[in-house]
Amino acid sequence: MCGIAGIVGTSPVNQRLYDALTVLQHRGQDAAGIVTAVDGLVCMRKGQGLVRDVFNQQDMLELRGHVGIGHVRYPTAGCDSASEAQPFYVNAPYGIVLGHNGNLTNAAELADVLIREERRHLNTSSDSEVLLNVLASELQRVGTARITAADVFAAVTALYRRCRGGYAVVAMVIGHGILGFRDPNGIRPLVLGRRDTAKGPEYMLASESVALDMLGFGSVRDIAPGEAVFIDEQGRLNSQQCVATTHHAPCIFEYVYFARPDSIIDNVSVQRARMRMGDRLAEKIRRERPDHDIEVVIPIPDTSRTAALQVAQHLGIKYREGFIKNRYIGRTFIMPGQEQRKKSVRSKLNAIDLEFRNKNVLLVDDSIVRGTTSAQIIEVAREAGARKVYFASAAPPVRYPNVYGIDMPAADELVAAGRTEEEVRQAIGADWLVYQDLTDLIQACRHDDARVNEFDTSCFSGQYVTGDVTPEYLDRLQQNRSDAAKASRRGPSTLKVVRGV
């Protein structure tokens, strides 16, 4: 999962892109990058680390121009080196810079065609570089010194015919403007904002509406599935539906975990969705344990707080903050390597003993993925004196890998894969375990004005909305995503391997 932003302004955009990436930092803590353009000159700074660590004052001064894009990344399958920090740049045609959130399910096939037939060079294993080169190849066919919005939309239409998967993109064509588009299923989010100034309108594209809010842009709308927008450097907005038939199915895990609660995605409030998750989870607890002996509900910070509060209110039980979180530790779900995740859980959360001592506690989390974090937190709760530790997940069991841009582990590293709920309970050490039902989760994320009838629930259901995910593809993904595979790629060597024809 990554965060993307792009601005066409009437004044320098460097600081605003920096601020936008800071707001989107929860979507990626591994690398960050900003690219701006002025008088045909590309100004780029990117590197590994948090936004605040990648950019210093001199970097910001050198990022000149009124047009630019930014990206924050967390390491996805096969893309965990410094060379794969985004945005990516290709010099022909025109000079194009691209930032991408998602995953192409046919990246390997596309890379082969690009290298062997279109004679393009790929320097990394990132599907984002593949996507950039597909776009460049299609724009190359224009063959004129200047491009129009119609030329851009023709290129994106051709790209849609070639690229499969879930993706949201911001790209800058140097000297022309900024392009944004979203996959035909709308799996990954992208929102358009506008701000009027004395010099004229400014436009912004971002992964989440909260980035628009923080920078004073009003939300115009979500980019539709299969739609592209192009804002030229003079601030003129053009849009076109480039895919006639679309199947709107946004990723439901955005609402469960990734997005900030103050964001609105596809006209669905993340906060309200999480409140409804808590309501429905409480109803299930009441059905399954009408005579429960829960004395206190404690959330596992931060994402589960909203759902946990609703659970406590509906059950008529005390809600307490029982864990103090170290704000300087990254999100353990997206950390590379099992050992690093284990160490970070212990250093990230500390229990307040008096909230646990001699009590039957219900811990509420947004989801259970590997089970590593859950097991350690339950152990911490017992060490703090809890009499019994019950565990509730606001999401259903995660049994399948996500292939659309969330680097969920290989299937054999998912604690619920191939296990019953009782076996998961034993694996994480809870006295009782309750999962949200999938139908309840879908209803929690849907409301009358959302204009969303379906969600991508593949990590829970195993049903992949693009229809092209085969067992062979999942086998290859598993080989690439396992902790062992990631460790072998990191290795002791710092040699940069350049990929050629």
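Sequential numbering from 1 along the given sequence is applied to the chain's residues.
Among residues two or more places apart in sequence or in another chain, the side-chain contact (heavy atoms from CB on, under 4.5 Å) test is passed with T466 by N185, I187, Y404, D468, V469. Under the ring-ring contact (aromatic ring centres under 6.0 Å, His included) criterion, H100 pairs with no residue at all, not counting sequence neighbours. Shown here are the salt bridge (Lys or Arg N to Asp or Glu O under 4.0 Å) partners of R305, two or more places apart in sequence or in another chain: D302, E321. Applying the side-chain contact (heavy atoms from CB on, under 4.5 Å) rule to A158 yields the partners E138, R161; only residues at least two apart in sequence or on another chain are considered. For K284, the side chain to side chain donor-acceptor pair (under 3.5 Å) criterion is met by D437, not counting sequence neighbours. Residues that satisfy the side chain to side chain donor-acceptor pair (under 3.5 Å) test with Q463, not counting sequence neighbours, are absent from this structure. Scanning for side chain to side chain donor-acceptor pair (under 3.5 Å) contacts around N106 gives an empty result, with sequence neighbours left out. Residues forming a side-chain contact (heavy atoms from CB on, under 4.5 Å) with N350 (at least two apart in sequence, or on another chain): none. Considering only residues two or more places apart in sequence or on other chains, V380 meets the side-chain contact (heavy atoms from CB on, under 4.5 Å) condition with F323, R346, A351. Among residues two or more places apart in sequence or in another chain, the side chain to side chain donor-acceptor pair (under 3.5 Å) test is passed with Y203 by R194.
No donor-acceptor pair under 3.5 Å is formed between the side chain of T306 and the backbone N or O of Q271.
The shortest heavy-atom contact between Y473 and T105 is CE1-O, 3.1 Å. Here the closest non-hydrogen pair linking L179 and A228 is CD1-CB, 4.2 Å. Between L281 and S393, the shortest heavy-atom distance links the atoms CD1-O, 3.6 Å. Considering all non-hydrogen atoms of both residues, A168 and P189 come closest at CB-O, 3.4 Å. The minimum heavy-atom distance linking V191 with S219 is given by the pair CG2-OG, 3.7 Å. The shortest heavy-atom contact between I428 and S374 is CG2-CB, 4.2 Å.
Taking the centre and axis of the six-membered ring of F217, the NZ or CZ atom of R195 falls inside the cone set by 45° and 6.0 Å.
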Show, in sequence, the C-alpha distance, side-chain angles and deciding distance for Y160 and V156, and conclude whether the side chain to side chain contact (heavy atoms under 4.5 Å, CB included) test is met.
CA-CA 6 Å; Y160 278 130; V156 175; 3.4 Å; yes
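With a 4.5 Å cut-off on side-chain heavy atoms, I34 and V54 do not count as touching.
Under the 4.0 Å criterion applied to side-chain N and carboxylate O atoms, R425 and E422 are assigned as salt-bridge partners.
Under 3.5 Å, the side chains of H66 and E202 contain no donor-acceptor pair of N or O atoms. Residues R274 and T303 have side chains that never bring a donor and an acceptor to within less than 3.5 angstrom of each other. For the 3.5 Å distance criterion, the side chains of S126 and E84 fail to qualify, holding no donor opposite an acceptor.
The salt bridge (Lys or Arg N to Asp or Glu O under 4.0 Å) pairs that include a residue from residues 203-229 are R27-E208, R221-E227, where partners are two or more places apart or lie in different chains. Residue pairs meeting the salt bridge (Lys or Arg N to Asp or Glu O under 4.0 Å) criterion with at least one member in residues 17-26, sequence neighbours excluded, do not occur.
Below 30°, between 30° and 60°, or above 60°: for F460 and F253 the angle between ring planes is between 30° and 60°, a tilted geometry.
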